[in-house]
Protein chains: 2
Amino acid sequence: MGKEKRRTTQQDIARMTGVSQATVSMVLNNRDDGEIRIPQETRDRVLAAIQSTGYVANPIARSLISQDNRIFGVFTYESVFPSEDLDFYHPFLAGIERRAEQLGYDLVLFTSSPVVDGGRKIFHAGSRLRLADGCVVLGRRVDRAELARLVAEGFPFVSVGRRDDVAAGPVAAVGADYVSAVAELVRRTGGLGHRTVAFVGEGAGPESSADRWAGFAAGVADAGVRSVRLRAKGRDAGEVLDSLVEHGATAMFVEDPDDTAALVEECGRRGVRIPEDVSLVELGGSPPRTARATPDFTGFRIPREEMGAQAVDLLARILGGDRGPRTRLLPCRIVAGATLAAPRSTP
Amino acid sequence: MGKEKRRTTQQDIARMTGVSQATVSMVLNNRDDGEIRIPQETRDRVLAAIQSTGYVANPIARSLISQDNRIFGVFTYESVFPSEDLDFYHPFLAGIERRAEQLGYDLVLFTSSPVVDGGRKIFHAGSRLRLADGCVVLGRRVDRAELARLVAEGFPFVSVGRRDDVAAGPVAAVGADYVSAVAELVRRTGGLGHRTVAFVGEGAGPESSADRWAGFAAGVADAGVRSVRLRAKGRDAGEVLDSLVEHGATAMFVEDPDDTAALVEECGRRGVRIPEDVSLVELGGSPPRTARATPDFTGFRIPREEMGAQAVDLLARILGGDRGPRTRLLPCRIVAGATLAAPRSTP
DNA sequence: CTTCTTAGATAATAGCTATTATCAGTCGAC
DNA sequence: GTCGACTGATAATAGCTATTATCTAAGAAG
């Protein structure tokens, strides 16, 4: 039992100086309002004692009073640091950290949350969520029910990525504007002379997938081209390529990076050159994960770091009582790349 | 002003149920000791109210009483997430996170600490260090004075990497055993027939550098070979190689990865083959940072993740009052690699 | 009927800080 | 000498939970 010597408290300082605890508190906080009057001599005496003891106010007691903690929580459904997930989380966290630093908030990672079938749970007996003034929720898989409960309990939070409405109302969220990005890419493709373009993927289900499809559809309408949707799930790249040819499509927009890799490989096997014979637009939104040589894909970049920063920003505003819009949609950067070119036979 | 509706408190639950706040607290904590008696009927009533409101005890008030917070601080002298520093911090953090998760601690990152000429400061007016029960200190540049103050104030902390003594006594720390690793590499080199080996670098200054030199010296003694130390600071790779040849050394142990890269390049220019003409042992301790093709260097790996985990572990023990050893030195893994081989002309 | 025991609960308090209300002087003015 | 105004401080309290000491009523034992 270490029997740690009790921390110094304001009471201690007060006794040392022969003043009251209240006085110490006021000196500490530089209170000098109309009502509060402390002569410099007393101030100096107290400050000297503070200096000599190295006293620092107990932030926990402060929080209990002020009802805020200057801490933002970062809740992730998976561990943050393991390598597999790092590529995903890292840019968000970089932005979160940067802005928290600017705003003077500390960050708490809720690593103590119990893991229930593969994902952490926000709510559980002894949840320490309230340590934070507010929370940024982050993750590939975000639990709608938990978000709904956050809303119901009035706990301030901002979701990064997921922005669909939950039962109790719209969720404060920062998202990426997939729709515009994909639409723009389709328009460029049409502008290069392609007359039929293919969407490879589901285009439904997760919000982000539905958005990509929506953007694709919008771009197709704008560009006045024909379009076809090719399912990739459960089919190998060969089948997909066959369908592509069959439909006469000259450009493919691929949702899933895994499919992209498979298609590139299959093209290589068949001697189909990209972009000379077929164009490929990659809709993953991330830089390539592997260091292996991959084509310089045409596509877009999700502004992950900026999303993290804006999430913190938004959270701070909400805590400040700001009643402005609670959803921010950030533009994605278009990557010109080298896998999109004019089709071989322009009509 | 949001006029956030006040959080539910035990007092609220008490009023709803017609019991006292104390009873609510006891039900909540499942108190059932000899002195505490609460019939099941009452218990159920209270629990029902807790369920319906979703009440969770305010962790801040709890902390104020229990004098602990179930939070470990992670103090870094630089931002954690920016890409430049990520390679360095990430493995440590992965280990810290993993073990904190296992032990049920949350982690707080002191992002609010003010930055003074390039590095964050632990101590400052309004330091929120005490939010944490203890702290892991991490960083390339660790401030001795601040560590000393942590010791003086009796704040529990564990330093990762830096383990030298500070004024007030030995610092709890987790380090990597560079000495053994480098010594072993030198012995292997001697075992392959090398008679003269060179240490390229300072071998002094930062603890880790001094350790590498100590290990080199120990290995040289064990292996019974001759050794030479070549400064690299301010000299270009050509000069260093010239010295090497001049001294008749057939293997070089290079401290700094930048020097390694320069030497490899210079060897390439001169047509000196590695390891056929000269062996190279890389003492950086990290996997290569760039994705560019680099030789598969012989060297060792600092067990960064394990260091992070053990730091948390040690911190938990210290908080538990454990009086055991406060310094842990973890073995490095030797990487056989492909840049060490027998010298061309074995005597 | 009195006293003791016990079950079942509550009042009071600690933990530390910030704020509000209050108090003891002093000085001036009348 | 009294009243008011002002200075320089302090006592008390809120904030929320966990624990300790205390209290009431009922039943048992004598």
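Model, not experiment: these values are computed from the prediction. Just so we're on the same page: letters track the sequence lines, and every chain starts at 1.
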At 4.0 Å (heavy atoms only), tell me whether B:Thr42 reaches a base, stays on the sugar-phosphate, or touches nothing. sugar-phosphate
N/O donor-acceptor pair under 3.5 Å between B:Glu97 side chain and A:Val80 backbone: yes
Spacing of A:Gln40 atom CD relative to D:dA9 atom C1', expressed in whole Å: 16 Å
Using the test side-chain contact (heavy atoms from CB on, under 4.5 Å), find all partners of B:Ser63 that sit at least two apart in sequence or belong to another chain. A:Ile60, B:Asn69
Enumerate the protein-to-nucleotides 17-27 of chain C contacts in which both atoms are nitrogen or oxygen and the separation is below 3.5 Å.
{"from": "C:dT17", "atom 1": "OP1", "to": "A:Tyr55", "atom 2": "OH", "distance (Å)": "2.2"}
{"from": "C:dT17", "atom 1": "OP1", "to": "A:Asn58", "atom 2": "N", "distance (Å)": "3.3"}
{"from": "C:dT17", "atom 1": "OP2", "to": "A:Thr9", "atom 2": "OG1", "distance (Å)": "3.2"}
{"from": "C:dT17", "atom 1": "OP2", "to": "A:Gln10", "atom 2": "N", "distance (Å)": "2.8"}
{"from": "C:dA18", "atom 1": "OP1", "to": "A:Arg62", "atom 2": "NE", "distance (Å)": "2.9"}
{"from": "C:dA18", "atom 1": "OP1", "to": "A:Arg62", "atom 2": "NH2", "distance (Å)": "3.1"}
{"from": "C:dA18", "atom 1": "OP2", "to": "A:Gln10", "atom 2": "NE2", "distance (Å)": "2.9"}
{"from": "C:dA18", "atom 1": "OP2", "to": "A:Ser25", "atom 2": "OG", "distance (Å)": "3.1"}
{"from": "C:dA18", "atom 1": "N7", "to": "A:Gln21", "atom 2": "NE2", "distance (Å)": "3.1"}
{"from": "C:dA18", "atom 1": "N6", "to": "A:Gln21", "atom 2": "OE1", "distance (Å)": "3.1"}
{"from": "C:dT19", "atom 1": "OP2", "to": "A:Arg31", "atom 2": "NH1", "distance (Å)": "2.9"}

Starting from P on C:dC16, measure out to CD1 on A:Ile60 and report it in whole angstrom. 10 Å
Note the angle between the end axes of the helix from C:dC1-D:dG30 to C:dC30-D:dG1, five pairs defining each, rounded to 10 degrees. 90°
Considering only distance and modelled atom types, tabulate donor-acceptor pairs under 3.5 Å from the side chains of residues 42-50 of chain A, sequence neighbours left out.
{"from": "A:Arg43", "atom 1": "NE", "to": "A:Ile38", "atom 2": "O", "distance (Å)": "3.3"}
{"from": "A:Arg43", "atom 1": "NH2", "to": "A:Arg31", "atom 2": "O", "distance (Å)": "3.0"}
{"from": "A:Asp44", "atom 1": "OD1", "to": "A:Gln40", "atom 2": "NE2", "distance (Å)": "3.0"}
{"from": "A:Arg45", "atom 1": "NE", "to": "A:Glu41", "atom 2": "OE2", "distance (Å)": "3.3"}
{"from": "A:Arg45", "atom 1": "NH1", "to": "A:Thr17", "atom 2": "O", "distance (Å)": "2.7"}

Residues in side-chain contact (heavy atoms from CB on, under 4.5 Å) contact with A:Ala22, at least two apart in sequence or another chain: A:Ser20
Atom-to-atom span, CZ of A:Arg15 to P of C:dC16 - whole angstrom: 11 Å
Rounding to a whole Å, what distance do you find between B:Asp44:CG and C:dG8:P? 14 Å
By ring pair (Phe, Tyr, Trp, His ring centres under 6.0 Å), B:Phe157 pairs with (sequence neighbours left out) none
So the salt bridge (charged side-chain N to carboxylate O under 4.0 Å, His left out) pairs with at least one residue in residues 312-321 of chain A (sequence neighbours excluded) are A:Arg99-A:Asp313, A:Asp313-A:Arg317, A:Asp313-A:Arg328
Can you run down the salt bridge (charged side-chain N to carboxylate O under 4.0 Å, His left out) pairs that involve residues 46-65 of chain B, sequence neighbours left out, and say none if there aren't any? none
So which pairs with a foot in residues 51-61 of chain A pass salt bridge (charged side-chain N to carboxylate O under 4.0 Å, His left out), sequence neighbours left out? none
